[in-house]
Structure formats: C-alpha cells, structure tokens
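For ligands, and for the atoms within them, numbers begin at 1 and follow the listed sequence. Throughout, residue positions are numbered sequentially from 1 according to the sequence presented.
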Amino acid sequence: MLWVLGIAAAVLFFYYFLYKPQLYWKEKNVSQGPPVPILGDNWKNVLGQEAMMEMLKRIYNRHKNDRYAGFYQTTMPSLMIRDPELIKQITIKDFDHFVDHRLFAPENVEPIWTKNLFSLKGDTWRDMRATLSPTFTASKMRSMFVLMEKSGQQYVDFYLKQNKNVIELELKDSFTRFANDVIANCAFGVKVDSLKEPENEFYMKGKAATNFSGFVKQMKFLLSMMSPKLSACLGLSIFESNVTQFFQSLIHDTVKMREEQNIIRPDMINLLMEARKGRLHYEESTEKQDAGFATVEESDIGKVGVNQKLAMTESDMAAQVLIFFFAGFETISTMMSFMCYELALHPEIQEKLHQEIDLTYKNNNGKLTYDVLNKMKYMDMVISESMRKNPAAVMTDRICTKAYTIQPELPHETPLKVNVGDLIIIPVVGIHNDEKLYPNPDKFDPERFSDENKDLIKPYTYLPFGVGPRNCIGSRFALMECKTLIFHILSNFELTVIEKTTVPMKISKKSLNPAIEGGCWVGFKRRENLVR
Ligand code: HEM
Ligand SMILES: *[C@@H]1O[C@H](CO)[C@@H](O)[C@H](O)[C@H]1NC(C)=O
Ligand SMILES: *[C@@H]1O[C@H](CO)[C@@H](O)[C@H](O)[C@H]1NC(C)=O
Ligand SMILES: *[C@@H]1O[C@H](CO)[C@@H](O)[C@H](O)[C@H]1NC(C)=O
C-alpha cells in the first residue's frame, strides 16, 4: 500500500515541480521548443557542452517568425524578446513594469554583494542610480582618464622591456591583469602592477571573487538561480568569507584615511564620498564627441540628481565599488581580447587602425588625452564592430515587477499576460548576429559603423551595453579604457597570428563568460621604422 502512495507522490512531484513548469509558455500560447525534462533548454550549457553564446543564438534562431519565444533555464520559464520594437516597449516605454534585474547573488549573503546598483530593486534602485550617475559623466571620465592613461603606459612598458621580436601572449590573462590594475586604481584607489607582481593580493582576491568554475560552486550558483529561497535556507554562500572581508576592510580603511588626511584623488571612492555628502550633481554633457557609438544615454531617472533622503552608508559604498570592480574585471578584458584577436586575423583592418593611431600620435606629439582619443573615428568603428560580433555581455535580463500584457500584432499571437516575477531575456548576441539585421554576420567588418553606414542600423538592434534606464552605467568608462590600451599597444606593436592562435575562432563551451577555446593567443610584434 505504502509503495503505491510513494509512487503517486513521486509522480505528482514530478508533474507539478518538474514537468508542469516547462509548459508555462505553451499554455500562454507562446512558441517554445521541446525542453528536456528538468534540464530545460540549457542542459548542454550546464554540462559544458554548449557555450551560453551558442545557446542564445540557437534559441533566437529557432523562432524566426516570432516577436518573442519561451524557453527554460532548467525549469525556470524565461521569455526571450526578439523584436526591436518590443524591446523598446519593455525596456523604455513601459519600463515601470520591468524595473529589476535578476539577482546574481543569493539574497542571504553579506550586503556587500547584494546592495549594489545591479541588484537593487524598485525605488531603492532609482535613488541609487540617481546618486551614482554623476560619477560616470563625460567630465568625470576626463579626470579619471589620467589614471587610466598611466596604467596603459605601464602595460606596454612591461612588454617593451622584454627585448623580443615577437612576444607570445594569452591575452585574456594579460588583459585581466590590466583591467584589474585600472579598476583597482580608479575604483579603490589602490596602485598595483599585476604584470610585474602576478600574485599581488588585490589580483588574487579579485580572481577568487570572480571565479565561478569548479563543480561545487557551479551547483551552488545554479541552485541560487533556481531557488534563491531554498539556497538561503541552506545557508549556501558562493563567496568565501575572506574575500568579502578583504574588500570590506579595504574600503573602510581607504575612506577613513581619506577623511582623516583630506586626500582628494580623481577616482570613484572620492566621487562616492562626495555623493554621500550630497555634493555631486548630474552634468549634462555639452560635448559633441562622446566616448563612442556604443555609449548608452542616461535616462531621466539617472539625471534627477542626488536624493538627499538617501543616506548612503559605508556598506552601500563598498557594494557599489565592488560591482564596479566585478563589471570591469571580466567584461572589459573579454571585450579587448576578442578585439585583438580579430585585429590579428585581419591585417588590412589593423593597418588602417595603425595609420589612424600614428597620425593621431604625430598630431599630438605623442600625448594622449581623452578628447584626442574620442576623435579617433576608425578606432570607434573597430570597437563597435567587435562588440557587435562578440558582445562581452551576451544577454541581459529584466524581471517583471508589475503585471503586463503584450498586445498581439502578428496573426498567430494572442494577448500575452506577463506576470510579476516572470523573467525576460534580451538575447544581445542573437540580435547582433541576425543576418536580417547585419548581413553576413560572421564577417568582421568595421565599415558597418562608418558615417555612411551607421544610420542603416535599426534602433534597438545594437545593445552591447543594454538599453533603457537600467543600461550599463559604465559604458563610457569601458570604452575609454579599451581605447586607451589599444592605442598604446598598437603604437608599439603589430598583432600577429601565432602557432597557438585558434583559427578559425572556437568559443569555449566550459567558460561562463564568452572566451576563445584554448585561450586568446596572439603575438605582439615590435613595429619597426616607426615614422612619426
Ligand atoms: C565592456 C565592458 C562592459 C560591458 C559589455 C557591460 C555590459 C553591461 C550590460 C549589458 C548591462 C545590463 C544593461 C541592461 O540590462 O540594459 C550592464 C549593467 C551594468 N554595468 Fe556594465 N558593462 C561593461 C563595463 C562596465 C563597467 C566598467 C562598469 C563600472 C565601472 C559597469 C557597471 C555596470 C553596472 C553598475 C550595471 C547595472 C546598472 C543598473 O542596474 O542600473 N559596467 N553592463
Ligand atoms: C490560446 O489560444 C486559443 C485559441 O486562439 C484561445 O482560445 C486561448 O484563450 C488562448 N490562451 C491564452 C492563455 O491566451
Ligand atoms: C581564504 O581562506 C582559506 C582558508 O583559510 C584559504 O584556503 C583560501 O586560499 C583563502 N582565499 C583567498 C582568496 O585568500
Ligand atoms: C577556480 O576555482 C577552481 C576550484 O574552486 C580551481 O580549480 C580553478 O583553478 C580556479 N580558476 C582560476 C582561474 O583561478
């Protein structure tokens, strides 16, 4: 008798918790593929057999005739938005219904991991965004440029000293070290040189904090995504306590020292300290030349200025600095690796960029400034195209915060009710590689972003930094950093394909972030006979 009950319970459990959730979209008349029971559409990704990028492209292309489609991350229903107008509707026009991002850390961990801008929700997010956005305006970037420029110089000096004809480099590692030094300097006010001192504490802690590989961590991560509550009950933390401790006390000590000794430095800690005192205001940029085509505009929510009621605590500050670090550590090095890989494979494009850089160098007597950098048109085209083809953020998301109905437009659609808590996915990499939007999408072609051609790009189909009020607050910072380093590298070196370079490009199936299989190997060849 008991075993009958047992089986019945098992069947019911299977039906309600594992099978039924994967009918969520179908029951709402939304197209969906055949998800694997329990494992959903991302099972290959979970098992390291398909890169996230490939998965998104596959699902995006599976539904060519739909404006939106359903898929399942294990049993979690996700709605992929394919249509540019619908993306605009959700992320801008009806933003009020889709305010939040999905949490990337479980809610039970220390506030330093959850009170950051990316994870904050609703009105708390609004206040914090308004408080932080003045930190990232063009004028603040101009003063921070000085710090970045030094790191760029330090980077090439390191390789120039190795008197070799061709230096063989794994760029992801090399650039992660550079990005680490920049963000350490610009966000934390800490000076490190991770090429000279490869094991410095700051770098090692950063590596540890951003390392989500290893089976145990992956499972914890997956569980916290699927069921934050269960994960919280079990008291699982994906961050080691000494890593948390390290960043917390670093901020604490820095703030204390600055206040005591009245130290003022053009960096983010300083700006946040100003913001805390309510002294920071949003300045509308009057500049014609912005940091680049890919820059995203700040919405009115970000422009209202500091909310005086918002009391930013030290732990809030620490949380923001830490998310800047996270955002700057992986994404920027990913973006620069892909770009250098493409340049090594396309000598004719590299040659054109060399010419622009040499001319700029000559015209400015080798002195690089923020404005000089932003006037380089071809540089911007190359970066824009690189982020089109291989966006570092392959997708972004929104959580429905207020019930919403997507009205039917196509004959096969019925009104779609999106419920509070539903997950929306914007498949950036799918859109960027859609042949209808970007003909011949596998071709690396900066001309797509030339003055003549860039108007052909349909609105809301180029989203390397997301879109709407919840877009990337650091887009200018990221572009400036990338351009600075590329300028320094190409002024001295030619990027070449070496034996270890994986040609054609293969995307790693195991890495959480987009990465080239076997590493991004490129040669730095000393340029001869530089005429300047
Ligand atoms: C190549 C480098 C980078 C890429 C590709 C990138 C991409 C993105 C994307 C796609 C989003 C989500 C936008 C959306 O949902 O609409 C985002 C959000 C965000 N990014 Fe970046 N990012 C980069 C660098 C940075 C840097 C350097 C910082 C900070 C210094 C930064 C800080 C943030 C923050 C705080 C958010 C959350 C914003 C909010 O929720 O209000 N990012 N980023
Ligand atoms: C799905 O479509 C059918 C037929 O068009 C319709 O009767 C039904 O109400 C729709 N279901 C939902 C949830 O909209
Ligand atoms: C954190 O502490 C543990 C145990 O003391 C140690 O094994 C680990 O290497 C530390 N992690 C970092 C990043 O220092
Ligand atoms: C990440 O952590 C795992 C184990 O937790 C370790 O095996 C791996 O080497 C680490 N990766 C990096 C890049 O540090």
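Classification of the H432-Y438 ring pair by plane angle, with boundaries at 30° and 60°, yields perpendicular. In this pair, F325 and F202 present their aromatic rings perpendicular. The plane angle is above 60°, beyond the 30 to 60° band.
For atom 13 (C) of ligand 1, the nearest non-hydrogen atom of the protein is R470 O, 3.4 Å. In terms of protein heavy-atom proximity, atom 36 (C) of ligand 1 is closest to F118 CD1, 4.0 Å.
A salt bridge is defined here as a Lys NZ or Arg NE, NH1 or NH2 lying under 4.0 Å from an Asp or Glu carboxylate O, and R62 with D41 meets this definition.
Because its NZ or CZ atom is not both nearer than 6.0 Å to the ring centre of Y460 and within 45° of the ring axis, K88 does not count as a cation-pi partner of that residue. A cation-pi arrangement is found for R177 relative to Y203, the charged atom lying closer than 6.0 Å to the ring centre and inside a 45° cone about the ring normal.
Contacts with ligand 1 closer than 4.0 Å are made by side-chain heavy atoms of T396 only, the backbone lying farther away. With a 4.0 Å heavy-atom cut-off, ligand 1 is reached by the side chain of H101 but not by its N, CA, C or O. Only side-chain heavy atoms of M335 come within less than 4.0 Å of ligand 1; its backbone N, CA, C and O stay farther off.
For ligand 1, the atoms closer than 4.0 angstrom to any heavy atom of P464 are 5 (C), 7 (C), 10 (C). The contact set between ligand 1 and W125, taken as ligand atoms under 4.0 Å from a residue heavy atom, comprises 39 (C), 40 (O), 41 (O). Residue-ligand proximity, F477 to ligand 1, at heavy-atom distances under 4.0 Å covers atoms 27 (C). Ligand-side atoms of ligand 1 in range of N471: 13 (C), 14 (C), 16 (O), 38 (C), range being under 4.0 angstrom from any heavy atom. Under a 4.0 Å criterion applied to the non-hydrogen atoms of R129, ligand 1 contributes the atoms 38 (C), 39 (C), 41 (O). For ligand 1 and I332, the ligand atoms under 4.0 Å from any heavy atom of the residue are 2 (C), 27 (C). The ligand atoms of ligand 1 that sit less than 4.0 angstrom from a heavy atom of V467 are 16 (O).
Ring pair F444/Y341: centre-to-centre distance not below 6.0 Å. Outside the 6.0 Å centre-distance limit, the rings of Y68 and W25 are not counted as a close aromatic pair. Separation of the Y72 and Y24 ring centroids does not fall under the 6.0 Å cut-off. Between Y462 and F449, the gap from one ring centroid to the other is short of 6.0 Å.
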When you look at T334 and N513, which way does the side chain to side chain donor-acceptor pair (under 3.5 Å) test go after all the steps?
CA-CA 8 Å; T334 299; N513 294 296; 5.5 Å; no

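Ligand 1 is never approached by E481 to a heavy-atom distance shorter than 4.0 Å. Using a 4.0 Å heavy-atom cutoff, F325 is absent from the residues neighbouring ligand 1.
Residues T176 and D173 bring no donor and acceptor atom of their side chains to less than 3.5 Å of each other. Side-chain contact, N29 with T414: a donor N or O sits under 3.5 Å from an acceptor N or O. Side chains of S194 and N180: a donor on one and an acceptor on the other come within 3.5 Å.
No more than 12 heavy atoms of other residues, nucleotides or ligands sit less than 6.0 Å from atom NZ of K150. When the shell of 6.0 Å around CG of D96 is examined, it contains more than 12 heavy atoms from other residues, nucleotides or ligands.
The number of protein N, O or S atoms lying under 2.8 Å from atom 21 (Fe) of ligand 1 is 1.
Each of E27, N29, T414 has a non-hydrogen atom positioned under 4.0 Å from some atom of ligand 2.
Put simply, the side chain of L416 reaches to within 4.5 Å of the side chain of L79, judged on heavy atoms.
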